[in-house]
Colleague: 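Right, I'll just put the structure down here and ask away after.
Computed over heavy atoms, backbone and side chain alike; hydrogens, waters and symmetry mates excluded. Sequence positions, counted from 1, serve as the residue numbers for this chain.
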Amino acid sequence: IKYIRDFFFTLFFAGMGMMLPWPHWSTLGASIAMCIVLLAVRWLGVFGPAAAFGFAPRYAGMATINLSQVGEFALVITSLGVAHGHIDAETLEVVIMAFAFMSIITPALIKNNFYLYKKGAKLVAKWREGSTSAELRVGGATADADHDDEEDCDIMLLGFH
């Protein structure tokens, strides 16, 4: 069944690629703006609830970074909206371009999520306290501590660990 799944994934993404028109500056600008808004809003939609439910800021921040892409479901819903005449085809182009940009950017974000969180935590600590020597505790260690890639980590599934 794995091979059948991979076959349909390939068809899906090939179909999305065929839907990409030659980009216009307005489409590129709108899709870049959509990516920026997406990255900003994810902090409200993922970090906020995770922190409110008691997760450590480190885990909430890393989950936010890991979930910062445009999902395939958005492409399906947008294409249905175009097919039924609810939205215009340019909106679909913007969503497809944003999906492509975030598909390229997201693996780098995921690979460096702890580093990005450390830098963000330092900036927030400096902003909150107004000093350059502020340290924010990050998951039991200071933000300056090196991340050991070989450490044992719990696996989190659906918010339970």
Side-chain angles (χ1 to χ4, degrees), residues 1-53 55-128 136 138-139 143 147 149 153 155-160:
I1 196 144
K2 174 184 162 189
Y3 301 109
I4 294 172
R5 180 200 65 192
D6 292 344
F7 174 74
F8 284 112
F9 276 152
T10 304
L11 284 180
F12 176 77
F13 288 112
M16 287 295 125
M18 290 188 302
M19 292 174 67
L20 282 174
W22 188 257
H24 301 295
W25 289 110
S26 62
T27 305
L28 287 174
S31 61
I32 290 171
M34 182 179 174
C35 291
I36 292 169
V37 168
L38 174 87
L39 290 172
V41 170
R42 290 286 181 183
W43 285 95
L44 295 173
V46 177
F47 184 85
F53 284 118
F55 283 96
R58 172 184 173 183
Y59 297 126
M62 290 171 63
T64 302
I65 292 168
N66 290 348
L67 293 173
S68 60
Q69 70 270 0
V70 177
E72 295 87 0
F73 190 64
L75 297 174
V76 172
I77 295 297
T78 309
S79 62
L80 286 174
V82 170
H84 291 291
H86 298 295
I87 57 176
D88 59 351
E90 187 177 348
T91 305
L92 179 62
E93 293 174 19
V94 169
V95 173
I96 291 172
M97 289 289 190
F99 175 80
F101 289 150
M102 292 308 294
S103 294
I104 294 168
I105 295 169
T106 300
L109 293 175
I110 291 172
K111 181 179 179 186
N112 300 309
N113 63 5
F114 185 74
Y115 173 78
L116 293 170
Y117 175 73
K118 283 192 326 185
K119 293 298 180 184
K122 282 183 183 180
L123 287 173
V124 169
K126 287 179 186 179
W127 176 69
R128 279 185 175 174
L136 182 66
V138 180
H147 179 61
D149 289 332
C153 296
I155 296 175
M156 297 179 61
L157 179 64
L158 297 175
F160 301 97

Colleague: Do you know the tightest heavy-atom contact between A98 and S31?
Modeller: N-CB, 3.7 Å

Colleague: Check for a donor-acceptor pair, side chain of T64 on one end and backbone N or O of A60 on the other, with a separation under 3.5 Å.
Modeller: yes

Colleague: Could you check whether any side-chain N or O of S68 sits under 3.5 Å from a backbone N or O of I65, counting only pairs where one atom can act as donor and the other as acceptor?
Modeller: yes

Colleague: Keeping R42 on the side-chain end and V37 on the backbone end, is there a donor-acceptor pair under 3.5 Å?
Modeller: no

Colleague: Return the CZ to OH distance between F47 and Y117, rounded to the nearest 0.5 Å.
Modeller: 6.0 Å

Colleague: Find out whether T27 and H24 are in side-chain contact, i.e. whether some heavy atom of one side chain is under 4.5 Å from a heavy atom of the other.
Modeller: yes

Colleague: Compare every heavy atom of C35 with every heavy atom of F101, then report the nearest pair and how far apart it is.
Modeller: CB-SG, 3.9 Å

Colleague: Starting at CG of N112, measure out to NZ of K119 and round the result to the nearest 0.5 Å.
Modeller: 12.0 Å

Colleague: How long is the gap from OG1 on T91 to NE2 on H86, to the nearest 0.5 Å?
Modeller: 13.0 Å

Colleague: Taking all atoms of both residues into account, what is the closest heavy-atom pair of A89 and V82, and its distance?
Modeller: CA-CG2, 4.1 Å

Colleague: For a side-chain contact (heavy atoms from CB on, under 4.5 Å) check, start with the C-alpha distance between L109 and N113, then their side-chain angles and the critical distance, and finish with the verdict.
Modeller: CA-CA 6 Å; L109 293 175; N113 63 5; over 6 Å; no

Colleague: Roughly how far, to the nearest 0.5 Å, is CG of L116 from CD1 of I110?
Modeller: 11.0 Å

Colleague: How long is the gap from OG1 on T78 to CD on E93, to the nearest 0.5 Å?
Modeller: 12.0 Å

Colleague: Rounded at 0.5 Å granularity, tell me how far CG in L92 sits from CE in M97.
Modeller: 10.5 Å

Colleague: Do F99 and Q69 pass the side-chain contact (heavy atoms from CB on, under 4.5 Å) test, and can you show the C-alpha distance, the side-chain angles, and the key distance before you say yes or no?
Modeller: CA-CA 7 Å; F99 175 80; Q69 70 270 0; over 6 Å; no

